[in-house]
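Note on naming: letters A, B, ... go to the chains in the order of the sequence lines (proteins, then strands), and numbering restarts at 1 for each one. Since the model is a prediction, treat every value here as computed from it, not as a measurement. What you see below is based on every heavy atom in this structure, not just the backbone, and it leaves out hydrogens, waters and symmetry mates.
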Amino acid sequence: MKFNNQIKYLSISIILLLIISCGEDKPEPEPFQATPYQIEIPYGFPTILNIPEDNPMTVEGIELGRLLFYDGRMSGRTHPDSLMSCATCHIQANSFECGVNHPEYIGGFTHGITGKPTPHVMLPMINLVWNSYGYLWNGIISKDNPNPNFKNIEALVWMGIVAEHEMNSDTNLAKEVIQNIPGYPELFKKAFGSETVTVKNMNRAIAQFVRTLISANSKFDKYMRGEVQLTQSELSGFVLFTTEEGADCFHCHGGFGNPLFTTHLYYNNGKDSLFTGEYEDPRDRYHVSDDPMDLGAYKATTLRNIELTGPYMHDGRFATLDDVINFYSHDLVWSPYVNPLMHHINDQGVQLTPQEKANLKAFIQTLRDEEFLTNPDFGPPEKFPDEK
Amino acid sequence: MSKNIINTTLLILVFFTFFSCNEKPDPPEIEQHIIINFDFKNNGEDQNFDTMMYINEAGNHYMVNEIQFFISDVILHNSNGSEFLIDDWKEIHYVDTDIPTSHKWEVFDNIPAGEYENISFTFGFIEEKNHSFMFPNPPERDMFWPEFLGGGYHYLKLNGKWLDENQQISPFDFHMGIGQIYYSYPDSIIDFVHNAYKVVLPNSSFELQENTTKSISFIMNIEKWFESPHIYDHNIWKGYIMQNQEAMNVACENGHDVFTVKF
């Protein structure tokens, strides 16, 4: 009897163990989850987005990013005279460049809070979520960079804080200041699950906001969608833009098949003939790729809102769009490194007539996107977290 | 009673052990695949880029900087008369000399084992398949062919430089795609010409054995673009030909024997 009972208990125990072992584990507390944000792909735009796996877009992250983007205390300072934010230079009305009309950055040439000039002029901050070929004029911030901290837009935020020619600050100072502003810790918790402000999360939030800066509603976009017609001058300019016999802009700057209006690639476009010694630029593409054919090569910028984003070229040598069109028309300079797509190089340019120049400019101006320039979602917040 | 419990327990244990750990294995599938590698030669040697070291049949000294192209509709012609079209997952492949991963196409299709007499493909795309916006993403996107010139995509971009008649180094963009027939050049187009053409690779017979993967190299012999049946002289055709159907036609006719195959 006793033996039978032992067998009975043993059997029940085994069955119980089996049942328990097959059952679900004790539920753990759900991991932190902010509200996912989905980017809508505009007509004709790429479907592949450059969003790092460790920084998915969320509603809370984007809103926090917008606050930080516009908050001068990101510089780690609180005195009114020493504040500097991303928006100090990246102004929405100028397509997130400072613009040639900026009261402090004369002619559109920026400098850091200490007065030290930035090495190159600004690049437009438009549709960057579709850039897979590197950021900055030479593409040093890229998924191909072996340094894990130099991969994406997140790195640019960090650079903006510490660079002498930008905020000239310290990341510890920056996070300490933000940590101590009432309201921010709660927003960091909503976005990233912790009230502790970290530089990494500051970078991630601002990068998320920047990835929402999408321009896809210019007159040309509407033309692509069949909503409006271009004028005869604009159409003539479009033909010039997209033909080799015309101005041949499209190979580097896109067009109907590439509405980003840039390939995001790097070209020596015939501005100069000397690239070594005193003419060497340690920030050209060659110094990233180590390919001699990249001497004097820089990123082809997007032409969206280009009329607002002067001065032009990496060194800002051209103040106006007319200057740029004249350069491509008559003033190209041969060098062994000029990109082979510059097939008019030995004619010094594409030799446009005054009427053709006017038509080309008229077309380029159809890339102005007023909605982008005034979208309140991209603009300054109504108030910062510590404001009532 | 106890016997029953023991029996039941053992039965449950056997049941759990048997079903929790074992799945009946599926019979092995028999699959054959091919991998197409792309290579670039010039007069039988590996192509060197960015160096003015070649002389074409017209006597032009030239260099090649980059090559980008599409092939589509690769067909394996079986000796039994049947054809096998590679179209599983994709039927168009993009090759870019600057993107090494594009030099290897691991074809997804499960290809019947057998003897194949030859391989053919379309250089570029036939008219029905050359649609604007079919590649929204780079790098294929950057091959788009302007709407005004016929739309769709470049079949080929072969960019380089040559020493012109003035002994100046001049860029050439040997680009192929949809050609135009002009009523008045360069503004008034009355018709388009779809220049894509079929390439039958010479000496491309091979046997694909059961359960094997065959590697095949498609070799672009660069010098052939400028050689036969027409001698292509950069000094005549100059640096750009997208709006020059006559030049593109020469390029197409020269292109028929540009590719060879190696197993």
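Contacts of Y197(B) classified as side-chain hydrogen bond (donor to acceptor under 3.5 Å, both in side chains), with partners at least two apart in sequence or in another chain: none.
Remark: L341(A) CG to D173(B) CG distance equals 5.0 Å, nearest 0.5 Å. In this structure, the separation between CZ on F133(B) and OH on Y43(A) is 4.5 Å, given to the nearest 0.5 Å.
Residue-environment remark: CD (E40(A)) stays at or below the threshold of 12 foreign heavy atoms within 6.0 Å.
There is no contact between S132(B) and chain A, counting heavy-atom distances below 4.5 Å. Proximity to chain A (any heavy atom under 4.5 Å) is shown, for P138(B), by both the backbone and the side chain. Neither the backbone nor the side chain of K238(B) comes within less than 4.5 Å of any heavy atom in chain A. Interface remark: D164(B) contributes side-chain atoms only to the contact with chain A (heavy atom separation under 4.5 Å). For a residue to count as touching a neighbouring chain, one of its non-hydrogen atoms must lie under 4.5 Å from one of that chain's; by this rule Y153(B) does not touch chain A. Using a 4.5 Å cut-off between heavy atoms, I169(B) touches chain A through backbone and side chain atoms alike.
Ring planes of H343(A) and Y240(B): parallel class, angle under 30° (limits at 30 and 60°).
Side chain of N137(B) to main chain of I48(A): a donor-acceptor pair is present (N/O by atom type, distance under 3.5 Å, no hydrogens or angles). With Q243(B) contributing its side chain and E245(A) its backbone, the two residues share a donor-acceptor pair below 3.5 Å.
By a heavy-atom distance cut of under 4.5 Å, I345(A), N346(A) are the residues of residues 345-354 of chain A near chain B, going up by number.
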